[in-house]
Amino acid sequence: MQGIEPRFHNSLIERAKYYRCLLIDSQKDIDANDPIDIDEVSELDHLYQEYLKNKSQLEKSIKKYKECHKKAQVQLSLKIRILRRNSKKG
């Protein structure tokens with residue numbers, strides 16, 4: 001993913017896989033001796049929400065960049081055409 005630090009992204013994915021495995025194991029063995037820690041689940045939720053927020057901000061930034069780039073390209077193209085015309089006349 002562009003713009004999101006790869007280490008953060010990989011860490012988030014690894015934690016999600018870890019917690020997913022915990023949830024699957026706990027469903028298989030309902031009377032498990034080691035119940036899932038609520039703090040771990042809430043941390044996963046917090047990280048996932050933060051990831052979604054960062055992803056949303058990144059998408060908005062990319063969209064804004066593309067709009068600004070297109071606008072600047074149009075303006076520069078117009079100025080270049082004017083300069084070429086003026087240089088041919090002059």
Side-chain angles (χ1 to χ4, degrees):
M1 294 194 67
Q2 296 176 343
I4 295 178
E5 187 176 334
R7 220 178 308 151
F8 172 75
H9 181 71
N10 290 337
S11 172
L12 181 65
I13 296 301
E14 290 301 317
R15 285 181 188 225
K17 288 179 183 176
Y18 170 72
Y19 291 135
R20 184 172 179 260
C21 289
L22 282 178
L23 289 171
I24 289 171
D25 290 343
S26 69
Q27 287 177 351
K28 290 179 183 175
D29 185 19
I30 295 174
D31 296 328
N33 293 335
D34 297 325
I36 297 174
D37 189 5
I38 298 299
D39 291 334
E40 290 178 354
V41 174
S42 64
E43 180 184 0
L44 175 63
D45 182 54
H46 172 71
L47 288 172
Y48 184 68
Q49 294 301 324
E50 188 175 334
Y51 168 76
L52 289 178
K53 183 178 77 172
N54 288 340
K55 182 181 173 188
S56 174
Q57 289 175 347
L58 176 63
E59 289 170 350
K60 288 177 185 175
S61 296
I62 290 171
K63 184 178 179 182
K64 186 174 181 180
Y65 170 79
K66 285 180 179 180
E67 290 172 358
C68 290
H69 178 74
K70 188 174 181 178
K71 184 178 178 182
Q73 189 176 16
V74 168
Q75 289 175 349
L76 287 174
S77 297
L78 179 63
K79 288 182 181 184
I80 289 172
R81 276 189 242 133
I82 291 170
L83 288 173
R84 284 183 183 162
R85 271 191 238 140
N86 290 343
S87 66
K88 288 179 183 179
K89 290 180 183 178

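Applying the side chain to side chain contact (heavy atoms under 4.5 Å, CB included) test to Lys17 and every residue at least two apart in sequence or in another chain returns Ile13, Glu14. Legend: residues meeting side chain to side chain contact (heavy atoms under 4.5 Å, CB included) with Leu52, ordered by chain and number and at least two apart, are Tyr48, Gln49. Residues passing the side chain to side chain contact (heavy atoms under 4.5 Å, CB included) test with Glu67 are Lys63, sequence neighbours excluded. Remark: His46 engages Glu50 in a side chain to side chain contact (heavy atoms under 4.5 Å, CB included) (not counting sequence neighbours).
A heavy-atom distance below 4.5 Å is found between the side chains of Ile82 and Leu78. Contact of the Lys71 side chain with the Gln75 side chain is registered, since non-hydrogen atoms from C-beta on lie closer than 4.5 Å.
Applying the salt bridge (charged side-chain N to carboxylate O under 4.0 Å, His left out) test to every pair with at least one member in residues 75-84, sequence neighbours left out, gives no pairs at all.
Its side chain outside the 4.5 Å cluster rule for every partner, Ile80 clusters with none of the Ile, Leu, Val, Met, Phe, Trp and Tyr residues.
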